[in-house]
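Just below is one structure, and these are the notes that go with it.
Numbering of ligands and ligand atoms starts at 1, following listing order.
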Amino acid sequence: MTITYEQAITVHEQADQLITGEQIAAGIDTMARQITDAMAEDMPLVLCVLNGGLIPMAQLLLKLQFPLETDYLHATRYGKKTVGTNLSWLARPSVDFKDRTVLVVDDIFDEGHTLAAICEYLQEAGAKQVYAAALLNKVHDRKVEYRPDFIGLDVEDRFVYGFGMDYHGYFRNVEGIYAVKGM
Ligand code: IMP
Ligand code: MG
C-alpha cells in the first residue's frame, strides 16, 4: 500500500507520541556505556541492520569513542507491510567478520525472529563473538528464546514508527517514537 500526502499528514497528527527524542538519547547513552564496557578493546565490526537501524546506529556510533569499523546488512521481516513472518536477505555484510567481535544494531526487538536469524548467521559464518543492540524492546510475551545483549528502551505493544522505523515506508525521519492511532 502506498499512502498519499494527506494520509501521511493525518496519520502523524493523530498518532500518540510514546517516547520523546530526549528519552531516546538517554537510552542510547546507557546502551553506549554498556557496549563500551563490553568491547572497547576488541576493535569490533558494527553492523547496521538497514533500513530501521540507520538512525539508531548513527546516534549510537557518535557515543562509541573507541576503535571500531562499520558496515551494513539488509535483512527484513516485514518489508513495507505491518504483518508477516518472512525473513529475506537483501544484503549480507561485505567487510570480513571472521574471528572478529561483531555488534549488530537494529531498531526494534519485536518477536525476535529477525535479530535471532541474523546473529545465528554471523556466528555460523565465523564471527568470534556476536552481540546485538536494539534501540527498542516491544513488551509482550510472543518472543523467541533469543534475547539481544543491549536494549535502549521498552515500548508498548503497538505498531510504532519514528527514529528509523517506518509506517508504509514513511516517517523514518521523525524524532521520537509514535504509535499509529488504532494500531
Ligand atoms: P521481529 O523479527 O519480530 O523481532 O521483527 C523485527 C523487525 O520488524 C524490526 O527490525 C522492524 O524492522 C520490524 N518491526 C517490528 N515491529 C515494528 C513496529 O512496531 N514498527 C516498525 N517496524 C517494526
Ligand atoms: Mg528492521
Check your understanding: Is there a heavy atom in Phe159 that sits closer than 4.0 Å to ligand 1?
Key -> yes
Study note, to complete from the structure: Exactly one candidate in Tyr161, Phe159, Phe163 meets ring-ring contact (aromatic ring centres under 6.0 Å, His included) with Phe171; the answer is Tyr161
Practice item. Anything under 30° is parallel, anything over 60° is perpendicular, the rest tilted; go ahead and classify Phe109 against Tyr146. Key: perpendicular
Point to revise | Val104 side chain reached by Val49 side chain, heavy atoms, under 4.5 Å | key: yes
Exercise for review: Give the contacting part of Lys138 toward ligand 1: side chain, backbone, both or neither, where contact means a heavy-atom distance below 4.0 Å.
Suggested key: side chain
Check your understanding: Atom CD of Gln59 and atom CG of Leu54: how far apart are they, to the nearest 0.5 Å?
Key -> 10.0 Å
Review point. Under 4.0 Å between a Lys/Arg side-chain N and an Asp/Glu carboxylate O for Arg142 and Asp157?
Key: yes
Exercise for review: Pull out every atom of ligand 1 sitting under 4.0 Å from any heavy atom of Arg158, numbered as shown with elements.
Suggested key: 19 (O)
Point to revise | Polar contact flag for Asp166 and ligand 1 (N/O pairs, less than 3.5 Å) | key: no
Check your understanding: Just wondering, are more than 12 heavy atoms of other shown residues or ligands nearer than 6.0 Å to CD in Gln7?
Key -> yes
Exercise for review: Could you see which bit of Ile108 sits under 4.0 Å from ligand 1, with heavy atoms only: side chain, backbone, both or neither?
Suggested key: both
Exercise for review: Mark yes when over 12 heavy atoms from residues, nucleotides or ligands other than Tyr170 sit less than 6.0 Å from its OH; otherwise mark no.
Suggested key: no
Practice item. Can you sort out which atoms of ligand 1 are near His113, meaning under 4.0 Å from one of its heavy atoms? Key: 1 (P), 2 (O), 4 (O)
Point to revise | For atom 9 (C) of ligand 1, the option (of Asp107, Leu115, Asp157) bearing the nearest heavy atom | key: Asp107
Check your understanding: Can you check whether Met165 has an N/O within less than 3.5 Å of an N/O in ligand 1?
Key -> no
Point to revise | For Asp106, atoms of ligand 1 separated by under 4.0 Å from a heavy atom | key: 10 (O)
Review point. Closer than 4.0 angstrom: is that true for some heavy atom of Gly112 and an atom of ligand 1?
Key: yes
